[in-house]
Amino acid sequence: MTHDVVIIGGGPVGLGLAIDLGQRGHSVAVVERYRALHPVPKGQNLTQRTLEIIDHWGCERELRAARIVPRGVANGGVVTYGTLLGEYSHNWLPRESVGAYYGQSVDRMPQYCTERVLRERVAKLPSVELFYGWRFDAMAQDAEGVAVDIVEYKGEARRSLRGRYAVGCDGSHSATREAAGIGQEVKDHDRKMVLLVFQSQELHSLLGERYEEKSFYYALSPELEGYWKFLGRVDGDTTWFYHAPVAVEATAENTDFAAMLHEAAGQEFALDINYVGFWDLRFVLAESYRAGRVLIAGDACHSHPPYGGYGINTGFEDARNLGWKLGAVLEGWGGDGLLDSYDAERRPVFASLRDDFIERFIEEDRAFLRTYDPEDDAEAFAREWAARNVGSTEVFSYEPHYEGSPLVGGPGRPAAKGDHQFTARAGHHLAPRALSDGRTTYQALDGSAFTLFDFNGLMGEDFAGAAEAAGVPLTVIRDRYEGERCDYGTRAILVRPDGYVAWAGEAGEAAEILMRAVGARNS
């Protein structure tokens with residue numbers, strides 16, 4: 001049997017992509033080596049945009065029901081100086097502050113909770129075949145598709161699958177990427193990091209005496225030169241994760257991690273360590289996201305230190321971007337350039353995330369620590385520390401967009417750095433505004449088709465005719481140009497299946513705009 005798509009890797013990104021394709025009725029095979037989920041907390045922060053994606057995948061309510069952190073705990077964090085319970089602190093990354101620009105609110109849970117919900121969702125899709133307990137072995141592609149050989153993970157059985165396309169969602173050490181001959185750009189920070197998972201009710205009490213309840217806390221210490229001692233909640237009050245730089249020679253056997261946690265907090269507290277793991281602090285970006293009929297997504301494309309909670313959200317956006325494009329090609333209405341636009345849009349977004357956010361955090365913290373010291377000049381330190389979070393722009397400027405992509409045209413370049421606006425802009429996420437029928441524009445979007453918002457009957461007939469002639473699925477929403485809809489600044493907005501604006505204006509050649517948006521015409 002030939003599947004439409006063979007997905008190697010059934011973590012959150014692979015499962016999400018399988019759902020995206022499976023609920024369109026495409027035949028998908030998912031190959032995942034682990035039958036059981038691994039209860040190591042990571043990928044905790046889920047942005048508003050990610051919850052929009054989860055909503056499209058049909059399991060937003062189930063995901064929210066899986067939350068184990070109490071609802072009253074803020075999704076943002078606290079930055080401290082020296083120790084987690086130090087004298088100086090300020091709030092950081094209050095992601096709730098941009099909630100008005102999205103159709104869903106933030107949430108927070110360990111990745112294994114998210115994966116459990118996605119596994120339950122994908123199991124309900126009859127066109128998706130799941131191969132849990134199998135691993136990738138080899139791959140060969142030709143003009144018509146990709147042959148994928150798989151081996152039982154803890155056995156000797158072998159099978160061959162074939163797909164019109166194959167997608168590697170198999171993590172930072174992706175065998176799919178290597179088999180496809182895709183190289184990587186590596187920027188190594190030469191830091192060994194430890195990840196600890198531990199339990200401590202006393203730590204919850206200590207932090208509660210000092211701060212408003214937050215999801216994470218991190219300490220800046222001069223000796224770490226801008227790298228963080230990072231503490232995060234797994235549940236409401238008992239289970240925590242912690243990561244920080246350690247000596248190269250550190251192992252689980254030769255290091256007193258309880259003492260390390262006490263030093264990070266600034267005082268001793270009762271604790272019980274459940275897990276110790278190590279990883280290298282580095283940035284990795286694939287040289288391409290596509291090699292013929294083989295594509296990669298998630299950590300197979302990119303990886304970075306877990307600073308700011310961007311990782312799983314970036315992977316989900318990869319899956320959503322690629323999902324509608326693969327679906328369009330398989331259904332015959334996607335143009336020759338549509339799959340290439342996946343790389344053109346998503347790869348520069350990660351490069352911007354790396355450069356404009358995570359590396360900038362490290363560099364700015366390093367510069368601050370080298371310049372200011374409360375022991376040398378307490379007044380200057382207190383002044384500059386207080387100024388660090390005044391007018392903080394991280395949350396507002398983290399706005400991944402596709403300006404200038406081949407599907408959008410015009411100036412600019414896709415990036416993670418932008419700004420949040422209600423104005424409808426080509427290449428940007430469409431913020432929700434109220435329709436006269438009681439819905440929002442977010443609720444009216446057709447996630448498997450293009451949506452045209454036609455205010456005052458400006459372009460609806462032109463686009464409907466162009467879409468019918470080209471076989472492109474299009475939903476037209478007609479309404480008056482008044483109320484909150486005026487915030488868009490235009491009377492016609494064409495939105496892609498993934499919720500990004502393909503075009504906004506009041507005049508234009510509908511057929512040409514639509515063909516560019518589906519990759520059938522150069523910008």
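Nothing here was measured: the structure is a model prediction, and the numbers come from that model.
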Please set out all donor-acceptor pairs under 3.5 angstrom arising from side-chain atoms of residues 58-66, sequence neighbours excluded.
unit_1 : atom_1 : unit_2 : atom_2 : d
Glu60  : OE2    : Arg64  : NE     : 2.5
Arg64  : NH1    : Ser105 : O      : 3.4
Arg64  : NH1    : Val106 : O      : 3.4
Arg64  : NH1    : Asp107 : OD2    : 3.0
Arg64  : NH2    : Gln104 : OE1    : 3.1
Arg64  : NH2    : Ser105 : O      : 2.9
Arg64  : NH2    : Ser105 : OG     : 3.4

Item to check | Worked check of side chain to side chain donor-acceptor pair (under 3.5 Å) between His429 and Glu399 | outcome: CA-CA 8 Å; His429 170 269; Glu399 189 256 339; over 6 Å; no

Item to check | pair Tyr112-His38: side-chain heavy atoms closer than 4.5 Å | outcome: no

Item to check | Sub-4.5 Å side-chain heavy-atom contact between Thr80 and Tyr211 | outcome: yes

Could you tell me whether a side-chain N or O of [X] sits under 3.5 Å from a main-chain N or O of [Y], the two making a donor and an acceptor?
| X | Y | value |
| --- | --- | --- |
| Ser221 | Leu224 | no |
| Arg366 | Ile362 | no |
| Glu32 | Gly9 | no |
| Thr50 | Leu46 | no |

Between [X] and [Y], is the ring centroid distance below 6.0 Å?
| X | Y | answer |
| --- | --- | --- |
| Tyr488 | Phe422 | no |
| His401 | Tyr500 | no |
| Phe257 | Phe198 | no |

Got a salt bridge between [X] and [Y], using NZ or NE/NH1/NH2 to carboxylate O under 4.0 Å?
| X | Y | value |
| --- | --- | --- |
| Arg191 | Glu225 | yes |
| Arg439 | Asp437 | yes |
| Arg388 | Glu394 | no |
| Asp498 | Arg49 | no |

Relative to each other, are the rings of [X] and [Y] parallel, tilted or perpendicular (30° and 60° limits)?
| X | Y | value |
| --- | --- | --- |
| Phe230 | Trp228 | parallel |
| Tyr88 | Tyr81 | perpendicular |
| Phe357 | Phe361 | perpendicular |
| Tyr342 | Tyr289 | tilted |
| Phe350 | His302 | parallel |
| Phe269 | His262 | perpendicular |

Checklist entry - Do His173 and Asp299 pass the side chain to side chain donor-acceptor pair (under 3.5 Å) test, and can you show the C-alpha distance, the side-chain angles, and the key distance before you say yes or no? => result CA-CA 8 Å; His173 300 291; Asp299 286 353; over 6 Å; no

Testing the 3.5 Å rule here: is there a donor-acceptor pair between the side chains of [X] and [Y]?
| X | Y | result |
| --- | --- | --- |
| Asp446 | Thr451 | no |
| Asn45 | Tyr310 | no |
| Asn75 | Glu96 | no |
| Tyr217 | Ser89 | no |
| Gln44 | Arg233 | no |
| Gln48 | Glu52 | no |

Could you tell me which non-hydrogen atom of [X] sits nearest to which non-hydrogen atom of [Y], and how far apart they are?
| X | Y | answer |
| --- | --- | --- |
| Trp385 | Val79 | CZ2-O, 3.6 Å |
| Val98 | Val395 | CG1-CG1, 3.5 Å |
| Gly103 | Pro432 | N-CG, 4.0 Å |
| Gly447 | Arg320 | O-NH2, 2.9 Å |
| Pro12 | Phe316 | O-CE2, 3.4 Å |
| Ala416 | Val349 | CB-O, 3.5 Å |

Kindly compute the distance separating [atom1] ([X]) from [atom2] ([Y]), expressed to the nearest 0.5 Å.
| X | Y | atom1 | atom2 | result |
| --- | --- | --- | --- | --- |
| Leu285 | Gln184 | CG | CD | 8.5 Å |
| Arg485 | Thr441 | CZ | OG1 | 9.5 Å |
| Ser405 | Arg346 | OG | CZ | 11.5 Å |
| Leu353 | His304 | CG | NE2 | 5.0 Å |
| Leu435 | Glu484 | CG | CD | 9.5 Å |
| Arg35 | Lys154 | CZ | NZ | 10.5 Å |

Next on the checklist: Applying side chain to side chain donor-acceptor pair (under 3.5 Å) as the test, list every pair that has at least one member in residues 237-246; sequence neighbours left out.
Outcome noted: Asp235-Thr239

Next on the checklist: Pair Tyr398, Thr47 - check side chain to side chain donor-acceptor pair (under 3.5 Å), show working.
Outcome noted: CA-CA 11 Å; Tyr398 178 67; Thr47 64; over 6 Å; no

Checklist entry - Is NZ or CZ of Arg33 both nearer than 6.0 Å to the six-membered ring centre of Phe136 and within 45° of the ring axis? => result no

Next on the checklist: Could you walk me through whether Asp318 and Arg347 satisfy the salt bridge (charged side-chain N to carboxylate O under 4.0 Å, His left out) test, starting with their C-alpha distance in whole Å, then the side-chain angles of each, then the deciding distance to 0.1 Å, before giving a yes or no?
Outcome noted: CA-CA 9 Å; Asp318 289 346; Arg347 192 171 181 277; over 6 Å; no

Item to check | Enclosure of Glu223 CD (heavy-atom neighbours >12, cutoff 6.0 Å) | outcome: yes

Next on the checklist: Go through it in stages, so that I can follow the logic: the residues are Asp20 and Trp324, the test is side chain to side chain donor-acceptor pair (under 3.5 Å), and I'd like the CA-CA distance, side-chain angles, deciding distance and then a yes or no.
Outcome noted: CA-CA 7 Å; Asp20 207 292; Trp324 81 264; over 6 Å; no

